[in-house]
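What follows is one structure encoded as structure tokens, with my remarks underneath.
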There are 2 protein chains.
Amino acid sequence: MSLEAIVYVVDDDAAMVESLSWIIESVGLKVKIFTQAQDFLDAYKPEQPGCLLLDVRMPGMSGPELQSKLLALNATLPIIFISGHGDVPLAVRVMKAGAVDFLTKPFNDQVLLESINRALRFDKTNREKQQENAQAEAKFALLSPREIQVLQGIVSGKQNKVISAELMISLKTVEAHRASVMKKMSVRSVPELVKLVLTNGVQDPVTQE
Amino acid sequence: MSLEAIVYVVDDDAAMVESLSWIIESVGLKVKIFTQAQDFLDAYKPEQPGCLLLDVRMPGMSGPELQSKLLALNATLPIIFISGHGDVPLAVRVMKAGAVDFLTKPFNDQVLLESINRALRFDKTNREKQQENAQAEAKFALLSPREIQVLQGIVSGKQNKVISAELMISLKTVEAHRASVMKKMSVRSVPELVKLVLTNGVQDPVTQE
DNA sequence: TAGAAATTGAGGGTTTTTCCCTACAAATTT
DNA sequence: AAATTTGTAGGGAAAAACCCTCAATTTCTA
């Protein structure tokens with residue numbers, strides 16, 4: 001059971017917000033309004049799927065500032081910026097920072113909805129990946145230190161006797177750990193295990209500059 | 001031995017080109033100039049590492065048009081757009097299409113060089129990945145149709161007897177193919193094989209089980 | 001058309017993995 | 001104090017994988 005997507009709108013302009021809501025709701029999407037960036041940040045829940053329609057210029061915290069704070073929180077909610085002013089460097093900066101779109105007023109309803117759909121699709125596939133990753137990590141957490149060492153040996157293609165020599169333990173012990181790893185990771189073959197470890201890499205959160 | 005990176009500059013403005021060349025060459029980078037997009041396209045060689053500094057507005061083919069054509073060619077050369085006019089929708093469009101940056105004149109030398117460095121790093125890691133991929137694909141090409149079927153079986157964790165039943169051939173034959181696959185792919189263990197197939201994805205047509 | 005590669009099958013043997021069982025000491029948790 | 005987890009280790013047996021050689025088709029290619 002997954003939650004229904006919510007299109008968050010963060011904009012201080014009452015008329016604009018109303019107009020946006022009307023358009024978005026007209027296609028059956030759920031909308032939540034915030035007139036201040038901080039209010040959104042306070043209410044933000046990472047597990048809620050959706051996307052964020054974010055005004056650039058606002059009193060208090062600006063759109064780009066909110067984007068930075070969300071990035072710092074490792075939030076992956078796709079952001080569509082909305083701006084009334086044609087500031088190219090700003091647009092480029094927020095796009096480079098991961099925004100999925102940057103719309104300038106006035107814009108066509110269809111353009112907006114298309115962008116929102118794209119953002120929601122983006123969010124969905126992203127969440128599915130995170131889901132898999134979380135499940136895999138939960139399994140890794142079940143392994144004891146010794147089991148992890150054996151797992152690494154298996155994944156790098158070492159035979160049990162090699163692992164036993166490296167860890168300076170008996171072949172029998174390696175067999176025991178190996179069986180335990182397979183059980184805890186709930187896989188029935190080595191290829192499955194390798195896939196699980198490889199696709200949902202234990203460490204290395206991909207840091208891009 | 002890898003080729004030296006080249007910073008391609010495509011711009012019809014002679015003064016601009018000269019200024020850019022001077023800045024880029026001042027840090028020891030190699031530059032090649034084109035005053036028309038078509039000229040670049042004609043001279044373009046996919047195997048040449050580097051990046052592309054591309055003016056938006058030009059007589060004949062525009063910058064974004066060139067970007068489209070390069071995309072159609074599956075070219076992965078990172079593109080930095082240069083524009084004198086603040087066109088936000090255009091900037092957003094080309095960024096969404098994969099441009100690594102979009103600079104507006106006038107810009108600081110340092111900003112330009114930083115962007116170029118980023119683009120070159122981008123290109124380098126990209127090429128390294130493509131390199132690995134190409135090597136893996138070269139190995140895949142060595143496999144006979146039957147061997148590929150057996151490979152798929154192995155990677156999905158099936159035992160030889162299961163594979164033999166599915167392909168309706170003898171266990172001995174599967175063993176023979178299996179050995180042949182390991183040899184041709186130059187791996188010594190199943191985990192290595194799985195990694196090779198997984199990281200350098202060979203899109204397998206969905207096999208019914 | 002002759003040779004090379006692919007596909008198939010087999011015999012026979014070794015090595016490795018897997019699975020069943022047992023066992024015990026130390027640390028941790030309940 | 002009792003139960004569980006972790007790490008250790010062994011015997012024994014079945015299954016699977018890994019080696020080697022040999023050979024009959026078919027199919028592609030020089």
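Chain naming here is simple, since letters A, B, ... match the order of the sequence lines and numbering starts at 1 in each.
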Salt bridge (Lys or Arg N to Asp or Glu O under 4.0 Å) assessment of A:E192 paired with A:R188: CA-CA 7 Å; A:E192 277 182 78; A:R188 330 192 80 218; over 6 Å; no

Quick check: does any side chain N or O of [X] sit under 3.5 Å from a backbone N or O of [Y], one acting as donor and the other as acceptor?
X	Y	result
A:S156	A:Q152	yes
B:Q36	B:V10	no
B:R118	B:V100	yes
B:N200	B:E137	no

Rounded distance (Å) that lies between atom [atom2] of [N] and atom [atom1] of [X]:
X	N	atom1	atom2	result
A:K158	C:dT16	NZ	C1'	17 Å
B:R188	C:dT16	CZ	C1'	15 Å
A:L167	D:dT6	CG	P	17 Å
B:Q159	C:dT17	CD	C1'	11 Å
B:E147	C:dA6	CD	P	7 Å
A:L171	D:dG12	CG	C1'	14 Å

Pick out the pairs of N or O atoms, protein on one side and nucleotides 21-30 of chain C on the other, that lie under 3.5 Å.
none

With sequence neighbours excluded, residues passing side-chain hydrogen bond (donor to acceptor under 3.5 Å, both in side chains) with B:K96: A:D101

Any residue meeting side-chain contact (heavy atoms from CB on, under 4.5 Å) with B:S19, in chain and number order, not counting sequence neighbours: B:I23

Partners passing side-chain contact (heavy atoms from CB on, under 4.5 Å) against A:Q130 (at least two apart in sequence or in another chain): A:T76, A:N126

Atom CZ of A:F122 with >12 non-hydrogen neighbours under 6.0 angstrom: no

Contact under 4.0 Å: A:K161 side-chain N or O vs C:dT16 OP1/OP2: yes

A:N160 vs C:dT17: side-chain N/O to OP1/OP2 distance below 4.0 Å: yes

B:E128/B:K124 ion pair, N-O < 4.0 Å: yes

A:L151 vs A:F140 side-chain heavy atoms within contact, under 4.5 Å: yes

Nearest to side-chain heavy atoms of A:K172, which nucleotide of D:dA16, C:dA10, D:dG11: D:dG11

Out of D:dT8, C:dT8, D:dA17, whichever nucleotide has its closest atom nearest the side chain of B:R146: C:dT8

Strand-adjacent residues in residues 175-186 of chain B, judged by heavy atoms under 4.0 Å from DNA chain D: B:E175, B:R178

Sugar-phosphate only, base, or nothing, as touched by B:S170 at under 4.0 Å among non-hydrogen atoms: sugar-phosphate

Under 4.0 Å protein heavy-atom contact, by nucleotide of nucleotides 24-30 of chain D - B base, S sugar-phosphate only: -------

5' precedence on DNA chain C between B:T173 and A:V190 (nearest-nucleotide basis): B:T173

Position toward the 5' end of DNA chain C (nearest nucleotide), B:M168 or B:L142: B:L142

Any donor-acceptor N or O pair under 3.5 Å, side chains A:S144, A:E147: yes

